[in-house]
Structures are given as structure tokens and as C-alpha cells.
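In what follows, a structure is listed as C-alpha cells, so that the remarks can point back to it.
The sequence lines fix the lettering, A, B, ..., with proteins before strands; numbering per chain opens at 1.
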There are 2 protein chains.
Amino acid sequence: MNVKQLRAFVTVARTLSFAEAANILHLSQPTLSLTIKNLEDLLGGRLLSRTTRTIALTPEGDALLPIAKQLLAQWDNAEEEIHQRFSLKKGKIAIAAMPSFAASLLPEGLLNYHQKYPKIKVEIHDVLADTVVDMVRQGRLEIGISFDPGNNDDLNFKPLMKDRFIAVLPKDHPLRTAKNISWKILLEHDFITLQRPSSVRQLIEETLEQHNLTLSVAYDAHQLATVGRMVATGLGVAVVPALCEQQMQEQGAYCLPVIEPTIARDIGIITRSRTQLSTAAIAMIDVLIRTFEKRVN
Amino acid sequence: MNVKQLRAFVTVARTLSFAEAANILHLSQPTLSLTIKNLEDLLGGRLLSRTTRTIALTPEGDALLPIAKQLLAQWDNAEEEIHQRFSLKKGKIAIAAMPSFAASLLPEGLLNYHQKYPKIKVEIHDVLADTVVDMVRQGRLEIGISFDPGNNDDLNFKPLMKDRFIAVLPKDHPLRTAKNISWKILLEHDFITLQRPSSVRQLIEETLEQHNLTLSVAYDAHQLATVGRMVATGLGVAVVPALCEQQMQEQGAYCLPVIEPTIARDIGIITRSRTQLSTAAIAMIDVLIRTFEKRVN
DNA sequence: ATCAAAATGGCAGGTTTCGATAAAGTGGTG
DNA sequence: CACCACTTTATCGAAACCTGCCATTTTGAT
């Protein structure tokens, strides 16, 4: 039994005419005759009692009709459902992004995506950079935004932009008029930064060590927002990704480029290699690239 | 999208191997490859992410799988349902029978039918003989059991048996030892019969009129059971179809053949001509014929 | 008898199917 | 670390099959 046969039966049952049904189905009358006959043979008896003048449903046909209608409706729904998913009119996509990106640029990308594919739901996981990588690796979601996880067989990294690190100073700090500030000077002040598992903290420590600079941390916190507020309050200075510049300024802190050394890292899209991405994910990646490509903070 | 494609997809999703799935589906592996490919093309994207070593569902495939499973299950159910109806394992059939038959022989036929097709429900309408004919003519049910409705374009009559009319006497009646009884003698007693719309009453009146005999009715009732009880009580005598002989005897009356004239009528199966009978109905007719054919009461 | 509609038969085009073969990814091995 | 062998899917070409149409016949109703 196939869909064509069932559709033919329902149409004949509705029109009570082979000729008219054949028209509707874009078939010739003989073909329709045969189709119905095949269906009847398959099911083991007549569904339609037909003379040249009158078509009527047999009791079995009567029983099949509502079932067939429902079946066809569900069939079409299923097809439409998947079709919509593929054509991005529907569906859901999950993204993990490191907090600095999630809270700064990501919304702009999401806005572009939503304008293009308004029916797709997007779920954002703003978690630590390492967690982003883990979540993608475990297949918990399709797209991660973080910095380059390094050579990795099962992960792909597509760079989006460079993220410099910037110094954050209280607004009334004497150095705020300078064009930039060196680490050496910066480290003479009380230093506020993120707590250890953070990638920002790690990167700062590693880089300073390479340049034989010593970091003494006065305060550390979990969230950049806290750091920003602490700096604004005058507790000390900090170094954060440029991505957070706007956030820092909004909290009343002042941002300056930090040099000697300049710290920068690639931020990009992480996906699993060897795994087919959903069309929604492919579209999301496309939008993100268009939005952020070659942008340097 | 067709059933074959969906079944192929579900099987591959279950086995996670094209080769194994092809075996299960009794297809060659290339054919299965192409089937899946066609389904994917139709829906607009990949459902299965496949390498030579690993097969995995894409998000869309994941979404389709439960839908497809449900759809196929319903599909099979529908097919099975109708199939069972045709093979008489299921279904319902309605019969109308005149009361004299319904209360006497019919149960024997129904028993045979039920033994052969235990899943079929049977609905009995024990109504007046004329009503039986009307119900069949109107298409309210497929099978009627009554006497010959006469030449009729839209009805078929298939005789089952001859039904003689018999005299019913109180058990202590002086004539009960006779081999038979003539109408002339019978009419000397108080006569009990059915009320006018009944076919029994009509047939008796018509026949007697043809033989110049006069019927004077002392009592008339609606149901044969009442007539029987009245006779048994000694209120008078009656003439009823032989079908009711057992019933009369059970009620304490005594039955004798009635002669001069003998009244008999054909009892048979009435169906609509030019209408396809359900398989259940065809089987019922077959059973009834086997059970009652050539039986003469 | 005539007319209209479904059934049947024959034929063409397209699809499906298969076997054979190619391509690709994986895992082991030197 | 590169290469080879093995396994599995993808591709290709030919044959079988099915499906569709047209022409014709059959059938039932007027």
C-alpha cells in the first residue's frame, strides 16, 4: 500500500467519480482505475462499489475512508515539518559562547540571524571558554564560540576576529589621558582579575610569565561585571578582553590599550569535525561570519 | 515521499548501517543508498550523517525518526485493520429477520457463523416481515430474512426453506390426536391470530378468501408468544408458521398440520441488487444457506 | 438503442533495481 | 609517521519493472 493509492482512494471517495478524481489527481481515468484496483487487490476486497453510473463506498471502504484521511493528513504534516526544518522556517539551535563574547557582540549576530530566520529558536549557553569547547566536543550543541582550542582532531575552529586585551582604569585615574599603558606600569597598581579557571586569567598569567613580569592579584572575582564595578569603584585596575570595553565603560570605568606585551587571541566558531551540521547551524555560522569577520577589537 | 523511503530511513536509523539495513529491507545496498538520498533530496537536506565507518542522525533526522516511526506504525495498523475486515476477522454486520424466523431458526445460523468468524459482531433486527424488506431496500442493512417480496428490480431474493402453516391447539383439545386438521373444522373454534399489519395474518386472510372460507377472529395480538400463551390457556385455536412450532409447544400448546388448503411460503434471504455486499455479509449468506437450505418445516 | 462512464489491453517512458566498481575513512603495521 | 589493507558507502550502467497514457471495449442507466 502506498501513498498514491490512498490518495487516489480518498479523492474518488470524495468526488464519487473516477473521471473527476482522475482530473484532480492529474492522472488519466484508466490509470486511476488501475490504482484503485491495485489497492483493492492488496487489501483483499472491494472498497468502492462502482457501476458506470454510480459510485458508492463498500462497508470496508467506509471504514477505510476516515482512517485514510487521517493518515494522509499526518503524512503531509510530517513532510511539511521536516521540510520547514530544512528550510529554516522552524527548529531550534543551541550555541555556547564564552561570557565576554556572549555579553558583547553575540547579540548583534543573533539579531541578524533572527531577522533572516525568525522562526528558529536559539538557546545561548554563556559558559567558561573551556566549557564551551567541552560542550561542543561532547556533542551537546553544534556551535561554540570561544578562542582557538588548538589542534584538535575532532574539532574545527573558524576564526571570527581578534580580541585584544585592554586595561581598565577608574575614571578619575591619573593615567586615563594616556594613549596606552604598559604592563609594567599597570602592575604597580592593585590588580583585579578573574578567578583561576577563567581563560582570561590563564592567558594573562602565561603571557606575563613569558615576559618575566610578576602579577600580584589584589582581588579576583568570577564575573567580568564584578571586576568592572570594582575598578569603577576605585579598588584597582584590570585587564580584560576588548570585547568587554563597552560593558566596562557603561559601568563607569575607563579603557586603554595595554602594551608591552600586547595580548590578543583569536575568537572563532568551534564545531565538531566529522559531524553533519544542521542547516540551521550552517546558516548561523554564515550569519556570524558575515557579521563579525575581520572585526578587530 | 513514499512509504518505502520512510521505512528505509527508519531501518537505517535503527541499525546504523546501510548494509545491514539493506539486508533487512531485502534491498541491495546501492538501492538503499539511493532511496535514502532521494528522501533527503525531497526533504531538502541530510537526515543521516554518514562516513564509511560511522552513521549518525543529523538533527533533522533525529526530528524525523519518531515521527516516521509513528507514521509507519499507523500505516501498518490501517492496512491490517482493513485487511482483517476483508478476511472477516473483524467488523460488524446487521441483519433484519421476521420475528418467527428470528426467534426460531436464526440463532442456529448465527451460532455457525460465530464459530467460523468469531470476531464479527452481528446486530439482529427482529421486525415485521414488511419492515425487513423496507430496511433492506433503504440500505439500512445488507441482509434481510423474510418471505419473497415478489418481483422487484432492486431486491434479490434467495429462498432458504419452505415454511408451512400449522394449527395450534390447547393441549387438552379433543382434536389433538388427529394427524392433521382442516381449515373448515378449525374455523369452527374461536380463532386467535396476529393483528393486521402482520404477514401471517395477511397470508391467512388472502388464502382463506381464495378458498371461500370465512375467518372470524376471536382474539388478535401483536406477538406470536402472546398467541401461543392464549392458545395454551384454552382461549381458542390459531394457525402460525411452522417455524414457531417449538415455541408453541414450549408454551404448552399442541401443533398439527393444517390442510385444505395447506398454506406455505418461501422464506429466504433478501439483499439489494446492484450493491456490493461486504465480505462479512457474503459469508453470512453462505453460512445461512448451508445451515437451512432445503429444510422444510 | 443510445449515451456516458469505468474497465481492459497494448505500448512507451521513466523509475527502480541490481551487480560491478570506485571512493573514502579507519585501524593496524612497519 | 606514513602507508596499506579492510570495511563500508557512493557511483555507474544495464535490465527489469512499474506506471502512465491512448485507444478500445464493456457495462449500466436513461
Side-chain angles (χ1 to χ4, degrees), chain A residues 1-42 45-58 61 151-156 272-277, chain B residues 1-42 45-58 61 137 139 152-156 271-277:
Chain A
M1 188 164 73
N2 59 42
V3 182
K4 220 175 282 179
Q5 291 171 333
L6 219 57
R7 222 177 278 280
F9 166 70
V10 170
T11 307
V12 175
R14 184 159 54 83
T15 60
L16 291 180
S17 151
F18 272 59
E20 191 184 342
N23 262 329
I24 294 171
L25 294 165
H26 304 293
L27 290 175
S28 70
Q29 172 265 314
T31 302
L32 180 57
S33 260
L34 209 64
T35 305
I36 297 290
K37 183 178 156 59
N38 285 339
L39 179 61
E40 288 177 331
D41 289 350
L42 196 93
R46 300 229 113 178
L47 296 168
L48 294 161
S49 155
R50 40 202 190 276
T51 73
T52 55
R53 288 279 166 184
T54 321
I55 305 265
L57 289 168
T58 64
N151 279 348
N152 210 314
D153 265 5
D154 54 349
L155 292 180
N156 287 330
R272 292 223 291 180
S273 47
R274 289 189 273 282
T275 306
Q276 184 72 30
L277 290 173
Chain B
M1 186 163 76
N2 58 42
V3 182
K4 218 176 285 180
Q5 290 171 333
L6 219 56
R7 221 176 279 279
F9 167 69
V10 170
T11 307
V12 175
R14 184 160 54 83
T15 61
L16 293 180
S17 152
F18 272 58
E20 190 183 343
N23 262 329
I24 294 172
L25 294 165
H26 304 292
L27 288 176
S28 71
Q29 171 267 313
T31 303
L32 180 57
S33 258
L34 211 62
T35 304
I36 296 291
K37 183 177 157 57
N38 285 339
L39 178 60
E40 289 177 330
D41 289 350
L42 195 93
R46 300 230 114 178
L47 296 168
L48 294 160
S49 156
R50 40 201 190 275
T51 72
T52 54
R53 287 281 167 183
T54 320
I55 305 265
L57 289 167
T58 63
R137 181 178 283 122
N152 210 314
D153 264 6
D154 54 348
L155 292 180
N156 287 330
T271 53
R272 293 222 291 180
S273 47
R274 291 188 272 283
T275 306
Q276 183 74 30
L277 290 172

Solution key, residues 3-12 of chain A side-chain donor-acceptor pairs under 3.5 Å, sequence neighbours excluded:
from	atom 1	to	atom 2	distance (Å)
Gln5(A)	OE1	Asn2(A)	N	3.1
Arg7(A)	NH1	Asp76(A)	OD2	3.4
Arg7(A)	NH2	Asp76(A)	OD1	3.1
Thr11(A)	OG1	Arg7(A)	O	2.7

Side-chain donor/acceptor pairs under 3.5 Å, residues 17-27 of chain A, sequence neighbours excluded:
from	atom 1	to	atom 2	distance (Å)
Ser17(A)	OG	Ala19(A)	N	3.3
Ser17(A)	OG	Glu20(A)	N	3.0

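Rounding to the nearest 0.5 Å gives a distance of 11.0 Å between CG of Asn156(B) and CZ of Arg272(B). Residue Leu57(A) holds its CG atom at 5.5 Å from CG of Leu48(A), rounded to the nearest 0.5 Å.
Partners of Arg46(B) by side-chain contact (heavy atoms from CB on, under 4.5 Å), not counting sequence neighbours, listed by chain and number: Gln276(A), Glu40(B), Arg50(B), Thr58(B). In this structure, the salt bridge (Lys or Arg N to Asp or Glu O under 4.0 Å) partners of Arg137(B), at least two apart in sequence or on a different chain, are Asp134(B), Asp154(B). Residues satisfying the side-chain contact (heavy atoms from CB on, under 4.5 Å) test with Ser28(A), not counting sequence neighbours, are Pro30(A), Thr31(A).
Side chains of Thr271(B) and Leu155(B) form no contact here, defined as non-hydrogen atoms less than 4.5 Å apart.
A nucleotide of DNA chain D counts as in contact with chain A when one of its atoms lies under 4.0 Å from a heavy atom; the first and last such, 5' to 3', are dG20(D) to dA29(D).
If you check residues 9-24 of chain A against DNA chain C, the residues with a heavy atom closer than 4.0 Å are Ser17(A), Phe18(A), Ala19(A), listed by number.
Position along DNA chain D of the nearest nucleotide to Arg50(B) versus Arg50(A) favours Arg50(B) as the more 5'-ward residue.
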Q. How does each nucleotide of nucleotides 15-27 of chain C score, in 5' to 3' order, for protein heavy atoms under 4.0 Å: base (B), sugar-phosphate only (S), or none (-)?
A. --BBBB---BBB-
